[in-house]
Amino acid sequence: MTPIKGPGAAQSHDGTGLRVAIIHARWNEQIIDALVSGAKKQLLAAGVTEENITVETVPGSYELPIGVQRLYAASQVQASAGEGISASDLLSSSTTDLKTTATTAPKKAFDAIIAIGVLIKGATMHFEYIADAVSHGLMRVQLDSGVPVIFGLLTVLTEEQGLERAGLGSSGMHNHGEDWGSAAVELGVKRREWL
Ligand code: DLZ
């Protein structure tokens, strides 16, 4: 029986030819690593090739919106210039530099970007401010740019809640990163159809 909570019955989408970026914060590394692995596993299972998956990091979740924006804009410049570029170059180069960077990777703009972070509530208001800013920032980037940005931000009250949602707890909860990988493929495919 399909559970009430969650995205309903599983849909199958062919990710062949899609190019997807995963950008993740480095805070709360154990949980992050499992979520990134789960997302990547689903991308590969849907037919996205290893060379079409770019993984990049930022220090904390607060940096996710600018990271997504830069990665996507740079990949668009690269695509229009007919060039390839490495993930670290994408984040470190200016737009002008990117036009002359040597080719190392596939040449199309990203079809979807998964932003992954784990915010754990502390004793101050930090959590609320960052969660609000990142949520709005990611939505703004996806609507301004038109590229699907998958919301992989866990906002949990305890470390245990984060571990559970990364499939590392004792309750048997699944790894939410897998859902995000599937969502990226679905949105990448549907976005092409909606053009
Ligand atoms: C500062 C901070 C704190 C307190 N907690 C987290 C967290 O739980 N998860 C996370 O991803 N990042 C955290 N950060 C770092 C901020 O996101 C950001 O990197 C710094 O404030 C620098 O802009």
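Hydrogens, waters and symmetry mates are skipped; everything else that's a heavy atom, side chains included, is used. Counting convention: from 1, in listed order, for ligands and their atoms alike.
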### Query
Checking side chain to side chain contact (heavy atoms under 4.5 Å, CB included) for the pair Glu50/Leu44: CA distance, chi angles, key distance, verdict?
CA-CA 7 Å; Glu50 186 82 46; Leu44 293 168; 4.1 Å; yes

### Query
Would you say Leu119 has any N or O atom under 3.5 Å from an N or O of ligand 1, going by distance alone?
no

Using a strict cut-off of 4.0 Å, indicate which atoms of ligand 1 neighbour a heavy atom of [X].
{"X": "Asn28", "answer": "7 (C), 8 (O), 9 (N)"}
{"X": "Ile120", "answer": "8 (O)"}
{"X": "Gly60", "answer": "11 (O), 12 (N), 17 (O), 19 (O)"}
{"X": "His126", "answer": "1 (C), 4 (C)"}
{"X": "Val118", "answer": "7 (C), 8 (O), 9 (N), 10 (C), 11 (O)"}

Tell me which protein heavy atom sits closest to [atom], plus the residue, atom name and distance to 0.1 Å.
{"atom": "atom 22 (C) of ligand 1", "answer": "Glu63 OE2, 3.2 Å"}
{"atom": "atom 12 (N) of ligand 1", "answer": "Trp27 CG, 3.3 Å"}
{"atom": "atom 11 (O) of ligand 1", "answer": "Ser61 OG, 2.7 Å"}
{"atom": "atom 16 (C) of ligand 1", "answer": "Ile130 CD1, 3.8 Å"}

#### Entry: Other residues, nucleotides, ligands: >12 heavy atoms within 6.0 Å of Met173 CE
yes

#### Entry: Check: Pro65 main-chain N/O paired with Arg140 side-chain donor or acceptor under 3.5 Å
no

### Message
Keeping Lys41 on the side-chain end and Gly177 on the backbone end, is there a donor-acceptor pair under 3.5 Å?
### Response
no

### Query
CD/Glu186 to NE2/His13 distance, rounded to the nearest 0.5 angstrom?
3.5 Å

## Note on the structure
Rounded to the nearest 0.5 angstrom, the CG-CD1 distance for Leu187 and Ile150 is 4.5 Å

### Query
Minimum heavy-atom separation for Val48 to Gly15, with atom names?
CG2-O, 3.6 Å

